[in-house]
S.K.: 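Quick one: structure below, then a few questions.
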There are 2 protein chains.
Amino acid sequence: MKSRQKSTIYDIAQKAGASPSAVSAALNGKWKQRRLKKETVDRIQRIAQEEGYMANLQARGLRKAESGLAGMVLPDHENRFFAELSQQFAKEAHARGLCPAIVHAGRDADAQLTSVESLIAYSVDLLMIAGATEPLSLASACSKARIRHVFVDHPCSEAPSIVTDNTGGAAMLTKTLLDEMDMPSETDPTTWLYFLGGESSLPASADRIHGFRQQAEAAKVLFDPGQILACGYESEKAEEALSDLYSRLGQLPAGLFVNSIGCFEGVLRFLSRLPEGDISRSTFGCFDHDPFATLSRFPLRMVRQRADLMVEEAFRQLDKGTSEACLIRVAPDLV
Amino acid sequence: MKSRQKSTIYDIAQKAGASPSAVSAALNGKWKQRRLKKETVDRIQRIAQEEGYMANLQARGLRKAESGLAGMVLPDHENRFFAELSQQFAKEAHARGLCPAIVHAGRDADAQLTSVESLIAYSVDLLMIAGATEPLSLASACSKARIRHVFVDHPCSEAPSIVTDNTGGAAMLTKTLLDEMDMPSETDPTTWLYFLGGESSLPASADRIHGFRQQAEAAKVLFDPGQILACGYESEKAEEALSDLYSRLGQLPAGLFVNSIGCFEGVLRFLSRLPEGDISRSTFGCFDHDPFATLSRFPLRMVRQRADLMVEEAFRQLDKGTSEACLIRVAPDLV
DNA sequence: TAACATTGCTACATCGATTGAGCAACTTGT
DNA sequence: ACAAGTTGCTCAATCGATGTAGCAATGTTA
């Protein structure tokens with residue numbers, strides 16, 4: 001309470017008339033095995049309390065070759081899903097007595113590698129990597145440093161990875177759309193069902209398209225590759241693609257599967273320019289969740305990725321200690 | 001590249017036929033002042049490269065009594081504003097060569113104190129605290145440890161603090177509402193303008209109410225304390241309060257100032273139960289921003305807090321070195 | 001009473017990087 | 001040829017906490 005500067009075990013030792021080792025043992029619950037008198041321990045603890053002593057965690061970390069830090073690397077925070085991931089990560093890290101160190105590294109592979117190396121240099125006790133652009137190089141950096149690590153969202157073939165069950169989630173969403181949309185048999189089948197957004201070369205999108213295709217084929221509403229509009233992830237692209245589709249069809253399709261929240265923003269922007277009547281005949285689904293989006297005034301189904309379960313599972317893998325490669329799929333929710 | 005474990009300056013020194021000091025100097029750009037031969041330096045750097053050497057930052061931190069870490073404490077991440085704050089924080093920290101360590105501490109004062117103490121124990125080089133519940137105890141912990149710190153969003157009287165200009169923002173939003181709403185003179189003035197949400201005992205809400213009141217009085221539309229419904233920050237409370245108001249008035253008010261995004265969620269939930277015609281006669285404003293909320297199908301003004309400017313200003317304070325108390329207001333945007 | 005065990009504590013090396021002090025071997029000036 | 005300066009490097013202490021090894025003072029047993 002009274003010290004001007006930070007106090008060390010040496011200061012405490014001095015004031016308590018004991019040795020630094022005794023102080024260390026007393027303050028770490030190791031006094032029994034070190035055979036210190038209870039009385040001495042009490043005295044030390046009282047003084048430490050008075051001085052407001054707090055161990056220097058860098059010194060401890062250096063000595064013990066660990067840090068008490070739980071590292072997490074993720075691309076950004078402007079996305080609800082990543083925000084939830086980091087929130088859950090912080091919670092689980094705390095539960096393990098670790099201090100979360102969360103780094104936003106962007107989408108650039110080099111920046112991500114730098115961030116990972118930096119966290120390794122702090123001897124983080126574990127590392128969780130979300131949305132890795134080039135997972136392999138990150139994994140090899142971790143392995144070389146013998147750091148437990150997990151990948152989330154974007155998997156890595158060389159390390160434990162937790163991903164959303166994209167295929168299953170997409171299938172579920174597609175099926176629900178098919179059930180809920182009114183598909184008048186007399187209309188042109190080109191106005192039925194479309195998939196909008198994403199990059200078919202990326203695994204996540206590919207899986208979602210696969211799930212979509214699977215259900216659409218089963219329902220016999222898939223007949224044209226043009227029903228899948230993988231226009232990228234930007235809202236502008238999605239807005240444009242939907243606008244094109246609308247003028248081509250002369251109306252909205254009966255059902256629209258939107259691949260991500262960013263694309264959905266573009267969709268909403270386009271819809272806000274249409275008369276209400278035009279919209280109410282269509283059913284929408286989005287593979288991503290946002291509480292505000294659910295408050296739209298038209299039928300909308302959203303798939304919510306279970307950040308909570310994913311992080312839980314990720315820690316389960318980390319707790320196992322071995323960084324053996326494996327791929328775990330977590331089923332998302334339908335909202 | 002080839003080492004199984006992490007290599008140290010001692011390993012590098014051995015392989016380079018030099019001393020650890022030389023290695024340290026060579027790898028830190030201090031070789032000129034330390035008068036090392038360029039040739040030696042090159043040899044050391046080459047070997048370090050080959051070994052994939054990375055300094056142990058805990059050791060460095062211990063020695064230099066700093067860590068290269070930039071600490072940030074914030075309540076949670078489920079809020080767009082805090083997410084943006086942390087994003088900007090990470091950016092600025094990087095720009096200063098620091099590694100951001102972001103901790104979610106929740107709203108509990110004790111948990112926040114623990115987090116701050118923990119970051120201090122890592123010798124963070126600076127500390128940014130957002131949404132502090134009990135700023136004073138946090139500030140005193142920082143001062144005692146001689147750690148540069150800033151408060152953001154919730155100010156502290158004993159430290160540099162950056163807050164949104166709540167009064168000004170609220171006045172701006174209120175004025176815009178008044179300009180844009182149609183206020184038929186023949187109707188009952190009780191249906192004119194309302195303020196919904198927040199806790200009048202909290203400084204932020206109080207300031208916003210003050211800005212609201214100021215403009216409303218100037219426009220002569222404030223006549224009853226019942227026009228200010230400080231029902232708390234939860235969406236459920238807001239939904240209920242608006243529902244009550246609706247049944248009391250038999251309609252929506254012409255203008256509604258919603259105090260936060262959480263409350264706005266409740267408002268939207270209520271509105272989604274009303275026929276469209278009922279809504280289109282009203283104008284809404286919300287003191288907070290969410291891209292999806294702006295896509296509503298009715299007139300909506302949102303105030304966006306400038307997380308970017310606030311963090312920039314916060315770092316400007318930190319860079320000054322002195323932790324002299326001051327209160328800086330950053331004007332928000334109208335969207 | 002010597003041998004041995006137990007209690008209560010301290011000394012010291014260690015983790016890895018940094019840095020002030022200082023030592024040789026040359027070069028230069030006179 | 002001797003002092004002084006320069007160049008190129010190494011030594012050793014230091015940061016704060018940890019933990020093994022071990023010392024001294026008792027108590028216990030034969």
Side-chain angles (χ1 to χ4, degrees), chain A residues 3 5-45 48 51-69 118 120-123 125 145-146, chain B residues 3 5-45 48 51-69 118 120-123 125 145-146:
Chain A
S3 75
Q5 303 280 109
K6 73 290 162 190
S7 51
T8 72
I9 48 167
Y10 299 93
D11 303 329
I12 307 290
Q14 182 126 55
K15 305 208 196 217
S19 73
S21 339
V23 175
S24 173
L27 298 177
N28 281 292
K30 300 212 188 297
W31 58 277
K32 273 220 141 126
Q33 25 183 315
R34 301 288 302 278
R35 297 182 315 214
L36 298 189
K37 239 194 303 186
K38 177 108 188 3
E39 202 181 301
T40 314
V41 172
D42 288 345
R43 185 161 30 95
I44 291 175
Q45 286 181 337
E51 300 288 317
Y53 170 78
M54 241 263 151
N56 179 323
L57 297 181
Q58 303 212 74
R60 173 180 296 168
L62 173 58
R63 181 61 228 257
K64 309 221 293 187
E66 52 169 64
S67 63
L69 289 171
S118 173
I120 290 175
Y122 282 111
S123 311
D125 295 342
R146 298 231 178 314
Chain B
S3 76
Q5 302 281 107
K6 74 289 164 193
S7 50
T8 72
I9 48 168
Y10 299 93
D11 303 330
I12 307 289
Q14 183 128 54
K15 305 206 197 219
S19 72
S21 341
V23 175
S24 173
L27 298 176
N28 281 292
K30 300 214 188 297
W31 58 275
K32 273 218 142 130
Q33 23 182 319
R34 301 275 285 168
R35 295 181 316 211
L36 298 188
K37 237 194 306 188
K38 177 114 189 359
E39 201 182 302
T40 314
V41 172
D42 287 344
R43 184 162 28 95
I44 290 175
Q45 286 181 335
E51 300 288 315
Y53 170 78
M54 240 264 150
N56 180 323
L57 298 180
Q58 303 212 77
R60 173 179 297 167
L62 173 58
R63 179 62 228 255
K64 309 222 294 186
E66 53 170 62
S67 62
L69 288 171
S118 172
I120 290 175
Y122 283 111
S123 310
D125 295 342
R146 298 229 176 315

S.K.: Mapping B/Lys38 and A/Ser24 onto DNA chain D by nearest heavy atom, which one lands closer to the 5' end?
M.R.: B/Lys38
S.K.: Output the single nucleotide from D/dG8, C/dG16, C/dG8 whose closest atom is nearest the side chain of B/Lys6.
M.R.: C/dG16
S.K.: Between A/Leu36 and B/Thr8, which residue's closest nucleotide on DNA chain C lies nearer the 5′ terminus?
M.R.: A/Leu36
S.K.: For A/Ser21, which contact category applies under a 4.0 Å heavy-atom criterion: base, sugar-phosphate, or nothing?
M.R.: base
S.K.: Please confirm whether any donor atom in the side chain of B/Arg34 sits under 3.5 Å from an acceptor in the base of D/dT7, or the reverse.
M.R.: no
S.K.: With a cut-off of less than 4.0 Å, is there a side-chain N or O of A/Tyr53 near OP1 or OP2 of D/dA17?
M.R.: yes
S.K.: Report which part of the nucleic acid B/Arg60 touches: base, sugar-phosphate, or nothing (heavy-atom distance under 4.0 Å, all strands).
M.R.: sugar-phosphate
S.K.: Identify which nucleotide among D/dA17, D/dC9, C/dT10 has an atom closest to any side-chain atom of A/Asn56, counting heavy atoms from C-beta outward.
M.R.: D/dA17
S.K.: When rounded to the nearest 0.5 angstrom, what distance separates CG in A/Asn56 from OG1 in A/Thr8?
M.R.: 9.5 Å
S.K.: In whole angstrom, give the distance that lies between atom CG of A/Asp11 and atom P of D/dC15.
M.R.: 11 Å
S.K.: Roughly how many Å is it from CD in A/Glu51 to P in D/dG16, rounded to a whole number?
M.R.: 15 Å
S.K.: Please report the distance, rounded to the nearest Å, between NZ in B/Lys30 and C1' in D/dC9.
M.R.: 18 Å
S.K.: Between A/Lys15 and A/Asp11, is the closest basic N to carboxylate O distance under 4.0 Å?
M.R.: no
S.K.: Would you kindly compare B/Ala22 and B/Leu62 by the position of their nearest DNA chain C nucleotide and give the one closer to the 5′ end?
M.R.: B/Leu62
S.K.: OP1 or OP2 of C/dT18 versus the side-chain N and O atoms of B/Asn28: is any pair under 4.0 Å?
M.R.: yes
S.K.: Would you check if A/Tyr53 and A/Val23 make a side-chain contact, meaning some heavy-atom pair closer than 4.5 Å?
M.R.: no
S.K.: Nearest to the B/Ala59 side chain among D/dT10, D/dG19, C/dG16, which nucleotide is it?
M.R.: C/dG16
S.K.: Whole-Å distance between D/dA25 C1' and A/Lys37 NZ?
M.R.: 12 Å
S.K.: Looking at B/Arg63, I'd like to know whether one of its side-chain N or O atoms comes within less than 4.0 Å of OP1 or OP2 on D/dT14.
M.R.: no
S.K.: Take the protein atom NZ of B/Lys32 and the nucleotide atom C1' of D/dG8, then report the distance between them rounded to whole Å.
M.R.: 15 Å
S.K.: Give one of base, sugar-phosphate or nothing for B/Ala18, where a contact means two heavy atoms less than 4.0 Å apart.
M.R.: sugar-phosphate
S.K.: Give the rounded distance in Å between these two atoms: CD of B/Glu66 and C1' of D/dG16.
M.R.: 16 Å
S.K.: Would you say A/Leu69 and B/Gln58 make side-chain contact, with heavy atoms under 4.5 Å?
M.R.: no
S.K.: Does some side-chain heavy atom of B/Ser67 sit less than 4.5 Å from a side-chain heavy atom of B/Asp125?
M.R.: yes
S.K.: Would a 4.5 Å heavy-atom cut-off, applied to side chains only, mark B/Lys6 and A/Ser123 as touching?
M.R.: no
S.K.: Does B/Ser19 have a side-chain nitrogen or oxygen under 4.0 Å from the phosphate oxygens OP1 or OP2 of D/dC9?
M.R.: no
S.K.: With respect to the side chain of A/Arg35, which nucleotide from C/dT18, D/dA21, C/dT7 is positioned closest?
M.R.: C/dT7
S.K.: So what does B/Ala65 hit on the nucleic acid, given a heavy-atom distance under 4.0 Å: a base, only sugar-phosphate, or nothing?
M.R.: nothing
S.K.: C/dC9 P sits how many Å from A/Trp31 CH2, rounded?
M.R.: 11 Å
S.K.: Without decimals, in angstroms, what is the distance between A/Lys64 NZ and C/dG16 C1'?
M.R.: 18 Å
S.K.: Counting only side-chain heavy atoms from C-beta out, which of C/dT18, D/dG16, D/dA21 sits nearest to B/Tyr10?
M.R.: C/dT18
